[in-house]
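This report concerns only the one structure given below.
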Amino acid sequence: MAAGRTEIRCLFSAETIAKRVQELAIEITTAYANQPPPLLIGALKGSWIFMADLVRQIKLPICCDFVKLSSYGAGSTTTGQIKMQLDMTLPTKGQHLLIVEDIIDTGLSTDWLIRHLRGKQPASVRVCALLDKPSRRRVPVTIDYLGFTIPDHFIVGYGIDWAEQHRELPYIGYIAEGDAPHGK
Ligand code: IMP
Ligand code: MG
């Protein structure tokens with residue numbers, strides 16, 4: 001499928017995503033059934049559509065908050081220096097925190113966020129990620145609930161962007177080889 005001059009190929013259809021999100025929600029519902037429900041922390045912006053779908057399938061009375069991190073430097077390859085642009089506001093002391101991520105790529109953002117949240121005296125910190133690109137990992141990250149493991153493609157759609165474009169696509173796609181950003 002072409003959007004302008006960029007060729008985007010479908011990796012997971014809307015139907016495939018919906019089925020996997022429902023499975024993840026059941027896993028999370030079961031895991032927290034006998035303890036206080038988790039506080040979901042969405043990592044903006046890429047996780048917002050995933051989180052919106054996930055939260056409506058989890059059968060627990062959960063609260064939601066958001067953080068926004070960015071890597072210093074221009075371009076599509078992270079420099080590894082994380083900056084917090086928006087921190088969460090709900091109280092975290094003694095809470096079970098569940099990070100909701102779009103993609104875990106190098107792992108640097110999620111590793112930074114886990115450390116940041118552990119400093120807020122929570123009962124636990126776990127990670128739910130829609131996509132995992134293990135071939136690009138620079139620091140290890142434990143993913144407790146994972147949607148899909150993917151090869152080293154540059155992903156767009158279902159909330160995920162390339163230079164703020166393509167978030168609105170209902171499917172998860174990847175940029176065709178020749179068009180993909182450098183470093184991916
Ligand atoms: P990290 O390299 O694991 O720190 O990933 C940081 C963030 O970069 C992810 O949470 C995504 O928001 C973004 N990112 C990583 N890979 C892609 C991609 O293929 N497409 C769009 N954004 C990406
Ligand atoms: Mg992200």
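Order of appearance sets the numbers: ligands from 1, and atoms from 1 within every ligand. What you see is a predicted model; the values in this text were computed from it and never measured.
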In short, side-chain hydrogen bond (donor to acceptor under 3.5 Å, both in side chains) pairs touching residues 30-41 with sequence neighbours left out are Gln35-His96
Could you list which atoms of ligand 1 come closer than 4.0 Å to a heavy atom of Glu101? 10 (O)
If hydrogens are left out, which of Ala43, Gly107, Ser47 has an atom nearest to atom 3 (O) of ligand 1, that is, the closest non-hydrogen atom? Gly107
For ligand 1, is there an atom lying under 4.0 Å from some heavy atom of Ser109? yes
What I want to find out is whether Asp102 reaches Lys45 closely enough, with some N-O distance under 4.0 Å, to be called a salt bridge. no
Under a 4.0 Å heavy-atom limit, does Ile160 contact ligand 1 with its side chain, its backbone, both, or neither? side chain
Could you check whether any side-chain N or O of Arg20 sits under 3.5 Å from a backbone N or O of Leu146, counting only pairs where one atom can act as donor and the other as acceptor? yes
Mark the output for Asp161 as yes if a heavy-atom distance to ligand 1 is under 4.0 Å, and as no if none is. yes
Pair listing, ring pair (Phe, Tyr, Trp, His ring centres under 6.0 Å) test, anchored in residues 97-144, at least two apart: Trp112-His116
Please check if the side chain of Arg9 supplies one atom and the backbone of Ile175 the other of a donor-acceptor pair under 3.5 Å. no
Short N/O distance, under 3.5 Å, between Phe154 and ligand 1? no
If you count the atoms of ligand 1 from 1 in the order shown, which ones are under 4.0 Å from a heavy atom of His153? 19 (O)
Just to check, does Arg136 reach to within less than 4.0 Å of ligand 1 when the distance is taken from its heavy atoms? no
Quick one: does Lys133 get a heavy atom under 4.0 Å from ligand 1? yes
Between atom CD1 of Ile41 and atom SG of Cys63, what is the distance when rounded to the nearest 0.5 Å? 11.0 Å
Could you check which N/O/S atom of Asp102 is closest to the Mg ion (ligand 2)? OD1
Any idea which part of Asp102 is under 4.0 Å from ligand 1, heavy-atom wise: side chain, backbone, both or neither? side chain
Thr16 backbone acceptor or donor facing Ser13 side chain under 3.5 Å: yes
Taking the basic N atoms (NZ, or NE/NH1/NH2) and the acidic carboxylate oxygens, is any pair closer than 4.0 Å for Lys19 and Glu15? no
